[in-house]
K.L.:
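The structure follows.
Indexing begins at 1, ligand by ligand and atom by atom, following the structure's order.
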Amino acid sequence: MSAVPTLESLREQWWVAGTSAELGRRPVARTILGVPLVLFRAESKAAALLDRCPHRNAPLSAGRIVDGLIECSYHGWAFDGGGKCRRIPGMPGACEHRHQHAAAVGVAERDGLVWVRLGEGERDLPPRRHVAPDDRRFDTILWPATADCALIDGLENLLDACHSHFAHAGLVRRAAKRRTVEVTVRRTAEMAEAVYREDGVPDGLIPRLLEGTRATSIGRFFPPGTAQLEYAGPKGTRFLLTSHFTPCDERRVLIHSCISTPRKLAPAWLKRLALRFVFGRVLRQDQDVLRKQQANIDRFGGAKFTSTPLDVMRPHILYFLGRTGENSPPASNYEAKLTMEL
Ligand code: FES
Ligand SMILES: [Fe+2]
């Protein structure tokens, strides 16, 4: 049976809930780990509260932002970014009672991303895994999306080399033209990766048009929710996709992707246009296959997976997410080599 981490077990971690650009004049409703939140900007800082007014439980996300406070649409109670009730219309004086305050959750903003954390106490943001927006060696675009799938299945999809020949047939790889590739899979205390030694041009439209010879493809997983793909030529990185996955609930994820390419390759606007076309198409194919997979798992009342050694990343993702499942996770540090036809 497939083991899916419970949403409850993931509450201590930071998750990307949105982008800085989304926090404008209106509140944003977002469900993270099954918990409805409202995101907004209060006095220039990002804020996240439970999307429930303490008065009569109307959704705060249906309200409006006035003078840096979020105002409930029902009776006009107004709350600051920390959830403190600052105004109860018709009732002069301070709002002192703690039951009048809305519940705030941890929030942090970095690199145009808004992170939230539902757990108690303090915890640092995870290290930056994507290319920083001000890194002048790369052009980086931020691409928010969603998919209808469980967290583990979305992460596996992005890091799985073997679906490309079918789900992205002709675009990323081609089933008729496989080559033998050596793969090194390793896991440290912080991450897991699969390094595919390619030394050639993958036979897909995108690599042939945009890449030239590919030395290595690397798929990395940084717990709890970041998956990264790096394609490198003989002279270094050509393409780096870092996708932050966030479970909304058991069957839906947010995906905030940072897509980076070296500065010199082409003018930034041309790359942006090409990436929108190419990445958008590949993303839609993945969204489609994930939606069908999830719907079918539901139709059968649960997952019943069979894995092979080619499914290299799933056991390691599950290892970090603290679960065992269809494969028992290997012991702490790990390295193995295998060959596959890619
Ligand atoms: S329900 Fe929000 S002010 Fe009454
Ligand atoms: Fe894919």
K.L.:
Under 4.0 Å from a heavy atom of R56: which atoms of ligand 1 are those, numbered in the order shown and with their elements?
P.N.:
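Under 4.0 Å from R56, ligand 1 has these atoms: 1 (S).
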K.L.:
Taking atom types as modelled, find out whether R41 and S44 have a side-chain donor-acceptor pair closer than 3.5 angstrom.
P.N.:
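Side chains of R41 and S44: no pair found under 3.5 Å.
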K.L.:
Hey, which N, O or S atom on H55 ends up closest to atom 4 (Fe) of ligand 1?
P.N.:
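Looking only at N, O and S atoms of H55, the one nearest atom 4 (Fe) of ligand 1 is named ND1.
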K.L.:
Are T140 and P133 side-chain neighbours, meaning at least one heavy-atom pair lies under 4.5 Å?
P.N.:
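A side-chain contact under 4.5 Å is absent here.
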K.L.:
Near H75, which atoms of ligand 1 are under 4.0 Å from a heavy atom of that residue?
P.N.:
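With H75 as reference, the close atoms of ligand 1 come out as 1 (S), 3 (S), 4 (Fe).
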K.L.:
Using side-chain contact (heavy atoms from CB on, under 4.5 Å), reason through D153 and L151 one step at a time and then give a plain yes or no.
P.N.:
CA-CA 6 Å; D153 296 325; L151 173 68; over 6 Å; no
K.L.:
Number the atoms of ligand 1 from 1 as they appear, then name those within less than 4.0 Å of a heavy atom of W77, with their elements.
P.N.:
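Here the atoms of ligand 1 in question are 3 (S).
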K.L.:
Yes or no on ring pair (Phe, Tyr, Trp, His ring centres under 6.0 Å) for F221 and H316, after CA distance, side-chain angles and deciding distance?
P.N.:
CA-CA 8 Å; F221 172 63; H316 302 288; 9.8 Å; no
K.L.:
Is it the case that more than 12 heavy atoms not belonging to E120 sit under 6.0 Å from its CD atom?
P.N.:
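No, the 6.0 Å shell around CD holds no more than 12 heavy atoms from other groups.
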K.L.:
Working to 10°, measure the angle at the Fe ion (ligand 2) formed by atom NE2 of H163 and atom OD2 of D286.
P.N.:
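It comes to 150°.
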K.L.:
List every atom of ligand 1 that sits less than 4.0 Å from any heavy atom of C53, numbering the atoms from 1 in the order shown and giving each element.
P.N.:
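Taking each heavy atom of C53 in turn, ligand 1 has 1 (S), 2 (Fe), 3 (S) under 4.0 Å.
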K.L.:
Would you say D160 has an N, O or S atom lying under 2.8 Å from the Fe ion (ligand 2)?
P.N.:
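D160 does not place any N, O or S atom closer than 2.8 Å to the Fe ion (ligand 2).
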K.L.:
Compute the centroid of each ring, for H244 and then for W15, and state whether the two points are separated by less than 6.0 Å.
P.N.:
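H244 vs W15: aromatic centres not under 6.0 Å.
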K.L.:
With a cut-off of 2.8 Å, does C72 place any N/O/S atom under that distance from atom 2 (Fe) of ligand 1?
P.N.:
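Yes, C72 qualifies, because one of its backbone or side-chain N, O or S atoms lies under 2.8 Å.
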